Amino acid sequence: MMTLEQLRIFTAVAEREHLTRAAETLHLTPSAVSSAIRVLEERYGIALFHRTGRRIELTEAGLAFLPEARATLARATSADLFLTEIGGLKRGTLAIAASQTVGGYWLPPLLIRFHETYPAIDIRMVGGNTEQAAEAVLEGRAELGIVEGEVDHPALSQRIVARDRVLVVAPPGHPLAGRPVTPDELTQTRWILREPGSGTRSALTSALDETALDIALSLPSNEAVRSAVLAGNALTAVSEYVVRDDLAAGRLALVAFDLPERAFRLLRHKERYRSKAALAFEKLL
Ligand SMILES: O=S([O-])[O-]
């Protein structure tokens, strides 16, 4: 019978396509990781990875096995949680996946309050954008998710826990800065945006046709977008949490184009066991 450890190793290598990086995350040596994979392959007489030089890529069989491995690990985590919890909130882990604005600005003060109330609970925050945070909840890597974009998945329950505004901003010298603008003017100027899959980007593209926008750069973090806009002559749309200080200090200026208010949503898998830690955290919201 294969072990959970082998599944954990297989999944880590499959997700990183890199033996050494997988080994680092698992706190194992690369040779321990490589031999665990070999043992698994030999036991079932099937190649799970193609090895070409330093690269290691899933074979078709490996790719087909990955969802099975992930689902088994998620069930094991849930079983572990169940038994841990019988002792109450004295120990255990609370894994929360958060999209960037939520994880970088809104959530940390709540995490510290939770920690002060339940110091023995180990809090793990899984980062990413809205799409990635939803995947983490679906795959069982996080019990709760808090995201800033729309998520549409029948297995996830959703509850609005806060509201946020996405602002269109530019450096103060930009021709559109500080005045009302028309949608046409917005399509005739350069943009620096968050990556597709982010709630931040979709807040803009649900109001303006993305294909009509001149997007000079797509960057994978709020801070990268902010730095690029401070250094260049382009517009962006980001949460007010990200640019509040820059607006107050005059480093950035508002472009008067209102985007609809958006919600931060709490996500949960409808069919998974709800830990006491998660229930206690939900009460804080
Ligand atoms: O991180 S976001 O903007 O989904």
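Remember, it's 1-based here, ligands and their atoms both numbered in the order they're listed. Being a predicted model, the structure only gives us computed values, none of them experimental.
No side-chain heavy atom of Met125 sits less than 4.5 Å from a side-chain heavy atom of Pro108. Between Leu235 and Val229 the shortest side-chain heavy-atom distance does not fall below 4.5 Å. In this structure, Phe264 and Ser99 have side chains that are not in contact, with every pair of non-hydrogen atoms separated by 4.5 Å or more.
For ligand 1, the atoms lying closer than 4.0 Å to a non-hydrogen atom of Thr130 are 2 (S), 4 (O). Numbered from 1 in the order shown, with element, the atoms of ligand 1 that lie under 4.0 Å from a heavy atom of Arg194 read 1 (O), 2 (S), 3 (O). Atoms of ligand 1 lying under 4.0 Å from any heavy atom of Gly199, numbered from 1 in the order shown and given with element: 2 (S), 3 (O), 4 (O).
Checking only distances, Asn129 never comes within under 3.5 Å of ligand 1, N or O to N or O. Looking at Ser99 next to ligand 1, no N or O pair under 3.5 Å apart turns up. Between Glu148 and ligand 1, at least one N/O pair is under 3.5 Å apart. When only interatomic distances are considered, the shortest N/O to N/O separation between Thr101 and ligand 1 does not fall below 3.5 Å.
Looking at Arg201 against ligand 1, nothing comes within 4.0 Å, counting heavy atoms. Neither the backbone nor the side chain of Glu131 comes within contact range of ligand 1; no heavy atom lies under 4.0 Å.
Under the side-chain contact (heavy atoms from CB on, under 4.5 Å) rule, Arg194 has a single partner from Leu219, Asn222, Thr236, Val242, which is Asn222.
For atom 3 (O) of ligand 1, the closest non-hydrogen atom on the protein side is Thr200 OG1, 2.7 Å.
The number of heavy atoms from other shown groups lying within 6.0 Å of CZ (Arg251) is above 12.
For the residue pair Glu148 / Thr200, a side-chain donor-acceptor distance below 3.5 Å is found, with atom types taken as modelled.
Classified by interplanar angle (parallel below 30°, tilted 30° to 60°, perpendicular above 60°), the ring pair Phe281/Phe114 is perpendicular.
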